[in-house]
**Student:** 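Quick one: this structure, given as structure tokens, is what I'll be asking you about.
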Amino acid sequence: MKKRVLVSGGAGYIGSHVSVELINSGYDIVVADNMSNCDLTCFEGVKKITGREDIPFVKMDFCDMEAVNRLFDEYRIDAVIHFAAFKAVGESVAKPVLYYKNNLSSFLNVLEAAMGHGGCNVLFSSSATVYGEAEKLPVTEQSPRLPATSPYGNTKQICEDILRDTVKAESSIKGIALRYFNPIGAHPSALIGELPRGVPNNLVPFITQTAIGKRERLSIFGNDYPTPDGTCLRDYIDIVDLAKAHVAAVRRMLDGKMKKDYEIFNIGTGRPVSVAELVHSFEKVNGVKLNYAYVDRRPGDVTAIWADTALANEELGWKAERSVDETLESAWAWEKHLAGKE
Ligand code: UD1
């Protein structure tokens with residue numbers, strides 16, 4: 001019998017790309033989302049890409065314990081990938097209670113429901129933000145986690161700890177936390193991609209919206225960092241590569257290949273790219289000119305962070321494959337696809 005994976009927050013940017021890769025790898029899925037930060041565009045895209053009209057979709061809020069239990073009653077769930085969370089760093093500083101309540105209670109509900117239904121494999125969507133301004137680069141999974149600079153970042157650390165402690169106490173729960181670096185780009189079909197509401201916080205959606213004329217000018221936050229060109233360094237990971245890492249992690253859990261009951265993997269490329277390099281690559285590969293200006297640093301930004309990916313490469317048998325140029329082409333194709341629909 002096919003194994004079924006619950007994708008919480010599965011209508012969003014990362015969840016939709018992961019849904020495609022899970023289906024392509026032969027898993028059944030059920031997508032659940034409260035649609036608080038997306039519409040059905042990406043879920044419809046997933047159906048088109050996979051040719052599967054019958055993907056179960058449940059509109060529900062993971063903060064609603066009864067709804068979570070009903071979901072586990074209705075489907076035999078072998079693994080859950082938990083994406084359902086708020087993710088805007090600045091908003092989390094302004095509304096900490098909202099962020100802690102939403103991000104923690106939804107995850108606790110998933111764990112409680114899983115425990116009440118005979119256990120489950122749980123993959124938590126974490127972030128490189130847990131490393132903060134790392135002293136030694138690249139960061140390995142053993143690098144220290146530094147105190148979070150935002151409630152959003154703190155919820156990632158707390159959820160990792162909740163999963164670690166639960167796995168220790170409950171033999172029916174196994175867990176993997178994937179620490180993502182900077183996911184960018186879109187599916188090569190241009191049918192799914194990032195769909196920020198309002199003004200984008202992240203770099204690549206801001207670039208593509210500037211290129212298409214929705215934003216007048218891109219601000220590059222700071223060119224006085226101690227880096228080769230003065231702009232920040234990040235590890236930009238292609239969204240489809242990132243999605244494939246989830247399939248590898250789910251397979252590892254379902255096939256009983258885990259070496260410990262709770263494991264952590266960095267999901268990045270291992271290559272640092274500066275903001276200025278990314279902007280220039282975007283211009284070059286897509287043949288467009290971007291209106292941009294250097295402005296002050298953005299508070300809370302770290303100077304540089306990139307991943308040591310050896311553990312994920314060896315243990316998950318996974319490696320990032322797409323080049324930054326290909327990824328930036330896909331991001332531009334997606335923005336043009338959206339513009340064509342307006
Ligand atoms: C941020 C979050 C991280 C989260 C991730 C989601 C912080 C400290 N980290 O990472 O927790 O998981 O988003 O993708 O907020 N930049 C510009 N102009 C812009 C936007 C960004 O110059 O308009 C620069 C930033 O200064 C940064 C780089 O581009 O150097 C990447 O920024 P962004 O895409 O927001 O990601 P992070 O801040 O790295």
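Just the heavy atoms: all of them, side chains too, but no hydrogens, waters or symmetry mates, feed the values below. First listed ligand is number 1; within each ligand, the first listed atom is number 1.
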**Student:** Distance from S106 atom OG to L111 atom CG, nearest 0.5 Å?
**Tutor:**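 Going from OG on S106 over to CG on L111, the span is 10.0 Å.
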
**Student:** Return yes if a side-chain donor-acceptor contact under 3.5 Å exists between S274 and D229, otherwise no.
**Tutor:**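 D229 and S274 do have a side-chain donor-acceptor pair below 3.5 Å.
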
**Student:** Classify the side-chain pair N154/Y100 by whether it contains a donor and acceptor separated by less than 3.5 Å.
**Tutor:**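 Yes, a side-chain donor-acceptor pair sits under 3.5 Å.
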
**Student:** Can you find a non-hydrogen atom of Y180 under 4.0 Å from ligand 1?
**Tutor:**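 Checking ligand 1 against Y180, which is what was asked, there is no heavy-atom contact under 4.0 Å.
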
**Student:** At a 4.0 Å threshold, what atoms of ligand 1 neighbour a non-hydrogen atom of C232?
**Tutor:**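 What qualifies from ligand 1 is 30 (O).
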
**Student:** Considering only protein heavy atoms, which is closest to atom 16 (N) of ligand 1, and at what distance to one decimal place?
**Tutor:**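 Going by distance alone, atom 16 (N) of ligand 1 is nearest to F221 CD1, 3.6 Å.
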
**Student:** Taking the six-membered ring for Trp, are Y27 and H246 closer than 6.0 Å centroid to centroid?
**Tutor:**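 Between Y27 and H246, the centre distance exceeds or equals 6.0 Å.
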
**Student:** Before we go on, tell me: are the rings of F86 and Y99 under 6.0 Å apart, centre to centre?
**Tutor:**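 Centroid separation for F86 and Y99: below 6.0 Å.
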
**Student:** Starting at NZ of K101, measure out to CG of N103 and round the result to the nearest 0.5 Å.
**Tutor:**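 Going from the NZ atom of K101 to the CG atom of N103 covers 12.5 Å.
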
**Student:** Please state which part of T231 comes within less than 4.0 Å of ligand 1, counting heavy atoms only: side chain, backbone, both or neither.
**Tutor:**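 Answer for T231: neither.
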
**Student:** Testing the 3.5 Å rule here: is there a donor-acceptor pair between the side chains of T231 and N223?
**Tutor:**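 No, because no side-chain N or O of T231 sits under 3.5 Å from a partner of the opposite role on N223.
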
**Student:** To check your reading of the model: name the closest protein heavy atom to atom 38 (O) of ligand 1, its residue, and the distance in Å.
**Tutor:**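 Here the nearest protein heavy atom works out to R298 NH2, 2.9 Å.
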
**Student:** Number the atoms of ligand 1 from 1 as they appear, then name those within less than 4.0 Å of a heavy atom of G300, with their elements.
**Tutor:**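 The list of qualifying atoms is 8 (C).
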
**Student:** Given that the side chain starts at C-beta and the backbone is N, CA, C, O, which of these parts of R234 lies under 4.0 Å from ligand 1, counting heavy atoms, or is it both or neither?
**Tutor:**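 For R234, the contact with ligand 1 is made by the side chain alone.
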
**Student:** What about V275: any of its N or O atoms under 3.5 Å from an N or O on ligand 1?
**Tutor:**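 In this structure, V275 places no N or O atom under 3.5 Å from an N or O of ligand 1.
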
**Student:** Among all protein non-hydrogen atoms, which one is nearest to atom 4 (C) of ligand 1, and what is the separation to 0.1 Å?
**Tutor:**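 That would be Y152 OH, 3.8 Å.
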
**Student:** Check this for me, if you would: do K47 and E44 make a salt bridge, where the nitrogen-to-carboxylate-oxygen distance has to be below 4.0 angstrom?
**Tutor:**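 Judged by the 4.0 Å cut-off on N to carboxylate O distance, K47 and E44 do form a salt bridge.
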
**Student:** What protein heavy atom lies closest to atom 5 (C) of ligand 1? Include the residue and the distance to one decimal.
**Tutor:**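 Answer for atom 5 (C) of ligand 1: N202 ND2, 4.0 Å.
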
**Student:** Sequence neighbours left out, cut at 3.5 Å: what donor-acceptor pairs do the side chains of residues 163-170 make with other protein atoms?
**Tutor:**
{"unit_1": "R164", "atom_1": "NH1", "unit_2": "D161", "atom_2": "OD1", "d": "3.3"}
{"unit_1": "T166", "atom_1": "OG1", "unit_2": "I162", "atom_2": "O", "d": "2.6"}

**Student:** Could you see which bit of F181 sits under 4.0 Å from ligand 1, with heavy atoms only: side chain, backbone, both or neither?
**Tutor:**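 Neither; nothing of F181 gets under 4.0 Å from ligand 1.
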
**Student:** Show me which atoms of ligand 1 lie under 4.0 Å from any heavy atom of S219.
**Tutor:**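 Numbered from 1, ligand 1 contributes 17 (C), 18 (N), 19 (C), 22 (O), 23 (O).
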
**Student:** Assess Y236 for proximity to ligand 1: is some non-hydrogen atom of it under 4.0 Å away?
**Tutor:**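 So Y236 counts as touching ligand 1.
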
**Student:** Heavy atom to atom 29 (O) of ligand 1, shortest distance: which of L203, V130, N223 holds it?
**Tutor:**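 The nearest heavy atom belongs to L203.
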
**Student:** Which atoms of ligand 1 are found less than 4.0 Å from any heavy atom of N201?
**Tutor:**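 Numbered from 1, ligand 1 contributes 20 (C), 35 (O).
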
**Student:** From atom 25 (C) of ligand 1, work out which of V89, I220, D301 has a heavy atom at the shortest distance.
**Tutor:**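 When every heavy atom of V89, I220, D301 is considered, D301 comes closest to atom 25 (C) of ligand 1.
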
**Student:** Tracing side-chain links under 4.5 Å among I, L, V, M, F, W and Y, which residues wind up in one group with L278?
**Tutor:**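 Listed partners: I184, V199, L203, V204, F206, I207, I212, L218, I220, Y236, V273, V275, V279, F282, V285, V288, L290, Y292, Y294, V324, L328, W332.
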
**Student:** Only heavy atoms of T129, strictly under 4.0 Å: list the atoms of ligand 1 that pass.
**Tutor:**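 Atoms satisfying the 4.0 Å criterion: 11 (O).
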
**Student:** Evaluate N266 against Y131 for side chain to side chain donor-acceptor pair (under 3.5 Å), listing each step before the verdict.
**Tutor:** CA-CA 11 Å; N266 283 344; Y131 297 116; 2.6 Å; yes

**Student:** Who's the nearest protein heavy-atom neighbour of atom 37 (P) of ligand 1, and how far?
**Tutor:**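 Protein heavy atom at minimum distance: N182 ND2, 3.6 Å.
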
